[in-house]
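Take a look at the structure below.
In the text below, chain A, chain B and the rest are named by the order of the sequence lines, each starting its count at 1.
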There are 2 protein chains.
Amino acid sequence: MNASIRNTLLGGLAVGLVGSAIAADLTPEEQIQTRQAGYRFMSWNMSKIKANLDGDYRQPRVEAAANAIAGIANSGMGVLFAPGTEQDIGEVKTRVRPELFTNQEEVAEVAVAFIEAANSMAETAALGSEDEVRAAFGKLGQSCKGCHDKFRKD
Amino acid sequence: MNASIRNTLLGGLAVGLVGSAIAADLTPEEQIQTRQAGYRFMSWNMSKIKANLDGDYRQPRVEAAANAIAGIANSGMGVLFAPGTEQDIGEVKTRVRPELFTNQEEVAEVAVAFIEAANSMAETAALGSEDEVRAAFGKLGQSCKGCHDKFRKD
């Protein structure tokens, strides 16, 4: 585990848990919507990488998609999980499990794994072979699933 | 205007306009939701950069936010404006103006300006002074506005 990422992330989580100037600019509803926006946009880019690996591989497109994912992954989304965002707020639904707000150590583990996999994916997409990209993509998918299994309902 | 970006973008727009394997994976509703997710996430990161420039400037946070914006900006969002996404679809609302689907040349201009400003912002955030970041941020904001004024309702 990368100590620097881990410290940054734990800092971000702590900021998220006590609230911050940045998170405070967003209502709880907006925090849920913004984190979901990040996940939705990453999901689209994951599907683009998969389509390239399953069909006609075009490196620039894979690199662009990987950079979008890495950019979002490293943007400090922890602050979007501030108190008040643990459950649905009216029409704004969330699938987050309550454990995400109480189990900081385990959240940090899956989050660090995800950020590292996203960074590795971006580096591999820029410089690696299609087979290396396939392997990095598999690991990235596993890191997504690692969080979903623990902290997302359904 | 950067010829390479421009060609890539026009290619992307053309793909968007005729539909593509990637766009086809998403329903028109999902295309609208995905493009809005990208804009929402970029907007949050713009607000973080602004908060840093208005208050306590922390370069790593500004760089991370700028990288998220650049990653999204370069991800080929043109394909998310395929036919069928010109107007509201049930509860999925869009503020896009019809002109975006007919005025490709002008769309390419504002889109290229935006991508160039986003890339410049990311480079400046990594290597530049706070004053240089302020200037790059101003230009990036103008490039957002350049598209909103022409192709977004309200």
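Under the 4.5 Å side-chain heavy-atom criterion for ILVMFWY residues, a single connected hydrophobic cluster contains both B:Val79 and A:Tyr57. Taking hydrophobic clusters as Ile, Leu, Val, Met, Phe, Trp and Tyr residues chained together by side-chain heavy-atom distances below 4.5 Å, A:Leu26 shares a cluster with A:Val96. Using a 4.5 Å cut-off between side-chain heavy atoms of Ile, Leu, Val, Met, Phe, Trp and Tyr, with links allowed through other members, B:Val110 and B:Phe101 fall into the same hydrophobic cluster. Both B:Ile49 and B:Tyr39 sit in one connected hydrophobic cluster of ILVMFWY residues. Membership requires side-chain heavy atoms under 4.5 Å apart, directly or through other members. Under the 4.5 Å side-chain contact rule for hydrophobic residues, B:Phe114 and B:Phe81 share a cluster.
With respect to chain A, the highest number of heavy-atom pairs below 4.5 Å among B:Ile69, B:Thr34, B:Asn45 belongs to B:Thr34. Ranked by heavy-atom pairs under 4.5 Å with chain B, the first of A:Ala70, A:Ala122, A:Gly71, A:Ala65 is A:Gly71.
Under the 4.5 Å side-chain criterion, counting only non-hydrogen atoms from C-beta, B:Met77 is in contact with A:Phe41. Counting only heavy atoms from C-beta outward, the side chains of A:Asn67 and B:Asn74 never approach each other to under 4.5 Å. Using a 4.5 Å heavy-atom cutoff, the side chains of B:Trp44 and A:Leu80 are in contact.
Proximity to chain B is absent for every atom of A:Glu63, based on heavy atoms less than 4.5 angstrom apart.
For A:Gln87, the CD atom sits in a loose shell: 12 or fewer heavy atoms of surrounding residues, nucleotides or ligands are nearer than 6.0 Å.
The two residues A:Arg40 and B:Glu30 come nearest to each other via the heavy atoms NH1-O, 4.5 Å.
Panel note: side chain A:Lys48, backbone B:Ser75; a donor-acceptor pair is recorded below 3.5 Å.
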